[in-house]
2 protein chains.
Amino acid sequence: MFESARRRSAATTIKGTGAADETPLPGKLVDDLQINLIGRKNIGREIYHQLLQAIQEGRLESGMRLPPTRELARRLKVARTTVAVAYDRLVGEGLLESRIGAGTFVKRGVVSATTDARNLDSPLVPKEAWVGFPTSYVRKLFAGRFEFDFRTGFPDDAAFPYARWRRLMARQMRASNAPSGYGDPAGHPGLRAAIARHISLSRGMQIDPEEVTVTNGAQQALDLIAKVLIEKGDRVVVEDPGYPPAWLLFRTVGARVEPIPVDDEGLVVRALPPDTRLVYVTPSHQFPIGVTMSLERRSSLLEWARQTNAAIVEDDYDGEFRFGNRPLESLRALDPNGHVIYVGSFSKATLPSLRIGFVISPNSLTSAIRAAKHLSDWYTMWAVQGALADFIEEGWFARHLRKMRREYEERHNAILAGLDKHFQSLLKVTNSAVGLHVCATATELSPSDLHRVVTSAKEVGVDELAQYSAGQPVPGLLFGYGAIPTERIDEGLRRLRKSFV
Amino acid sequence: MFESARRRSAATTIKGTGAADETPLPGKLVDDLQINLIGRKNIGREIYHQLLQAIQEGRLESGMRLPPTRELARRLKVARTTVAVAYDRLVGEGLLESRIGAGTFVKRGVVSATTDARNLDSPLVPKEAWVGFPTSYVRKLFAGRFEFDFRTGFPDDAAFPYARWRRLMARQMRASNAPSGYGDPAGHPGLRAAIARHISLSRGMQIDPEEVTVTNGAQQALDLIAKVLIEKGDRVVVEDPGYPPAWLLFRTVGARVEPIPVDDEGLVVRALPPDTRLVYVTPSHQFPIGVTMSLERRSSLLEWARQTNAAIVEDDYDGEFRFGNRPLESLRALDPNGHVIYVGSFSKATLPSLRIGFVISPNSLTSAIRAAKHLSDWYTMWAVQGALADFIEEGWFARHLRKMRREYEERHNAILAGLDKHFQSLLKVTNSAVGLHVCATATELSPSDLHRVVTSAKEVGVDELAQYSAGQPVPGLLFGYGAIPTERIDEGLRRLRKSFV
């Protein structure tokens, strides 16, 4: 028998730092879960089977929250990993669901146990770093559409010129355009040339196609960089609040991830620790806060890297969309010493589903990055690369960007106007004239109040700033405008405001 | 000044085992290379710059072979890594070329030094595992077409039904078929269902779509498995001769790769070491030798895994193409205990350039594999997944397989007849009735003789068995018939035979 539920700390499972949040977690905590391990041989398997039975027999009902793994492990006098692996199996089978900052819940809805008995007994367990991985974080990203969709990460995919794209792809999908042999891991030569030219022009740099490696989105660029540079135990600095897919990746390759705060000039460089292998930054448009790293701060960061020999990964994820100011020079452009690895993506400028990104690396790393790409998945889908090269070279890309810049600027302004009108001082908007979202911090609500508000406005999709905090969660919301058309913005914000009462 | 060239051991850079091959290496060894390091501060940079200068000034001529890194390091009294990193930079810039079993050469052809001075000075160096990576191995794979192409790894891409494929892709590339939000890292639900159904039917198993994760080819499946299971220092067993992209991948994640021999029943299970984390096998059609693992050997392997708790990765890379015998049950089908992770690919059955493969994992690993996929590159290109799902569900895939099985069987027989006619006892063919290549060992020639023969028959593309040996290179050739049409087979073999004199 367990003690009845009491307030728990929402230790972020991401970092295991145990940062506390004093608000109670959602869902009814299961407090009378009985697990009998007396005389049992395979403890992990027993826990798993007894939980499975409890769920199938309805003793654990949908929506109920299981005890945190540490708690249950303590009570059963077993290792935390033993409990976590059992939870993970049930997550893998769709019976449980784990949510960042909230806990592990019995899943709602019909569940069928179709899995072969053999697999239930597999003794293979993943490495520690994967145990208890917050899968709900991933699920959130494909939760379907909202009537008023302010989620970040999505450009307006309805506005993409599909008919033109289909024609360009059709040209590629012919025997004559197949790569002779297997494709070069560096990528399609025409696409690398187009990327080099585009980046050179739009970012004021001198990029040679030889420095470009095509990847499956920016995420794969980060994966290749991690493979090539990060040893187990190396310190990697990330911005806080920051970008979870990056810090989670670094953690799973064994890095010690250290979050460093962001102020209104960007990453606080003076707080950077010595002995750092790599620092991951989003200087054009800090994700998620939205500030642009000042020129001074850029210089300081480069000087720090020169002194410490650290690598800087510059992720320019939505730098194509700029409203107003002349852009500051990228870290890569300012860097005299080859410390900066520049990562880009076509996900926001075209479609995320194409999975095309790239890395521009110093020559000392290019060989290794190519080899890592080859061993990861040989090369990125060839037809898409060829089609994208033509899309850029024939001018369709520039045309699409021009059109979308106008459209996103309209939406950007509508969001600012709507936030001012409906939220006034409830939400304080961070000044930003770049990209596809704005960030607003909440002045009077806690992160879990905000969570309640957001989840009760069911037709509105909006991201909570707390999910991007590596340390103490900051109360706030992110308003993306990639997905929502201008004319729905005001109504969407009005509906969200209604839930705040 | 260096001593004049003498016979050198062709230590395989892949494994660093120093296995010796007594035949001399090709190319003129540079024996009067002068590098002056007296009073220099950054040794690595100096070596790099002086080599660069020597190449640009023509003192190192195209085609010349540089001393092995160990040799040069010894003479200069520096660490081997220091020399290797300098060589790598020059490889990355296209000035040098490293070839497995042969050495590092100054590249032929025009070289332009367009790289920004900054990058030449970058202090960032990749991890040890990537230094000296045999990039030429990769280059070989996209060396262009041969008039008589017996290379392995390529299906007949001209025979693929491109018109049908274009129509199916066009259906996917519409706003209405975009994934809502980002795609599920597990993959397109329709494709996972189609894969589960296809594998269940064709391999006599009971696969649930929940067990399937879609990857970018089988190589990515191996990468995800490595991320999830392999810790630095873990022992991983591979077949010898075997598949380099697999063992190279395992090495770069820090595994101790141990090659175990193959006999006419497959992997020699009694030679397996204890304390093994994972064993990688190709039981349907051993790559590259071609034998099928016997039922007895499969049972022994499963029993060994049960006793040692090791994971078995079963790569069924060309199991679609079978001529004659009823297939043996897969390891996955025979496995009662969840030790087998099954990896498949559509590269041979459709096109390599689509980059679609999959992994069928025990439930204890599925969560982690999905998370690893998400952090690697989010998900595989969505439109291709949807199109392939339709391609399978609508019957086009089955139709294509039927047609290609007939075609490949014809070619298989033509190869056997041609080898018998032109080579008789010079080449001994390994009996095999599966897949897209046959292997033949050479009875009277050494690996380097064979290399000379193969490279002199310039219009014939054929793979050398020596390149797949992890230990002592075995003399032999692989005859693939994915690329070469039936009517060219006899002439191709005749031309190859001419070079043997």
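Chain A is the first sequence line, chain B the second, and so forth, proteins listed ahead of strands; every chain is numbered from 1.
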**Asked** Less than 4.5 Å apart, any side-chain heavy atom of A:Ser353 and any of B:Tyr379?
**Response** yes

**Message:** Out of A:Ser376, A:Ala226, A:Ala170, return the one with the most heavy atom pairs under 4.5 angstrom to chain B.
**Reply:** A:Ser376

**Complete:** Highest number of heavy-atom pairs under 4.5 Å with chain B among A:Ala368, A:Ala186, A:Ala221 belongs to A:Ala368

**Interface moiety of A:Val384 toward chain B, non-hydrogen atoms closer than 4.5 Å** = side chain

**Message:** Given heavy-atom pairs under 4.5 angstrom as the criterion, report whether the side chain, backbone, both or neither of B:Lys232 touches chain A.
**Reply:** side chain

**Message:** For chain B, which candidate among A:Ile230, A:Val253, A:Leu224, A:Val85 shows the most heavy-atom pairs at distances under 4.5 Å?
**Reply:** A:Ile230

**Item:** Stepwise side chain to side chain contact (heavy atoms under 4.5 Å, CB included) check, A:Asp223 with B:Lys227
**Value:** CA-CA 11 Å; A:Asp223 185 50; B:Lys227 282 175 158 163; 2.8 Å; yes

**Prompt:** When heavy-atom pairs shorter than 4.5 Å are enumerated against chain B, which of A:Ile341, A:Ile207, A:Leu249 gives the highest number?
**Reply:** A:Leu249

**Item:** Reference residue B:Trp378; test side chain to side chain contact (heavy atoms under 4.5 Å, CB included); the match among A:Pro245, A:Pro352, A:Ser347
**Value:** A:Pro245

**Request:** Report the C-alpha distance between A:Met169 and B:Met169 in whole Å, list the side-chain angles of each, state the deciding distance to 0.1 Å, and finish with yes or no for side chain to side chain contact (heavy atoms under 4.5 Å, CB included).
**Result:** CA-CA 9 Å; A:Met169 282 289 287; B:Met169 282 290 285; 3.5 Å; yes

**Message:** Could you tell me if the side chain of A:Ser367 sits less than 4.5 Å from the side chain of B:Tyr87, heavy atoms only?
**Reply:** no

**Message:** Under 4.5 Å from any heavy atom of chain B, what part of A:Ala310 do you find: side chain, backbone, both or neither?
**Reply:** backbone

**Message:** Does any backbone or side-chain atom of A:Val228 lie under 4.5 Å from a heavy atom of chain B? Answer side chain, backbone, both or neither.
**Reply:** both

**Request:** I would like to know whether A:Leu229 and B:Trp130 meet side chain to side chain contact (heavy atoms under 4.5 Å, CB included); could you show each step before the answer?
**Result:** CA-CA 9 Å; A:Leu229 283 180; B:Trp130 297 104; over 6 Å; no

**Message:** Looking only at heavy atoms and a cut-off of under 4.5 Å, which of B:Arg306, B:Met173, B:Arg167 has the most pairs with chain A?
**Reply:** B:Met173

**Request:** State, yes or no, whether a side-chain contact exists between A:His339 and B:Pro123 at a heavy-atom distance under 4.5 Å.
**Result:** yes

**Asked** What part of B:Arg171 lies closer than 4.5 angstrom to a heavy atom of chain A: side chain, backbone, both or neither?
**Response** neither

**Message:** Can you tell me which portion of A:Thr380 sits under 4.5 Å from chain B's heavy atoms? Options are side chain, backbone, both or neither.
**Reply:** backbone

**Prompt:** Taking every heavy-atom pair that is under 4.5 Å apart, which of A:Glu128, A:Met381, A:Arg166, A:Gln220 has the most such pairs with chain B?
**Reply:** A:Arg166

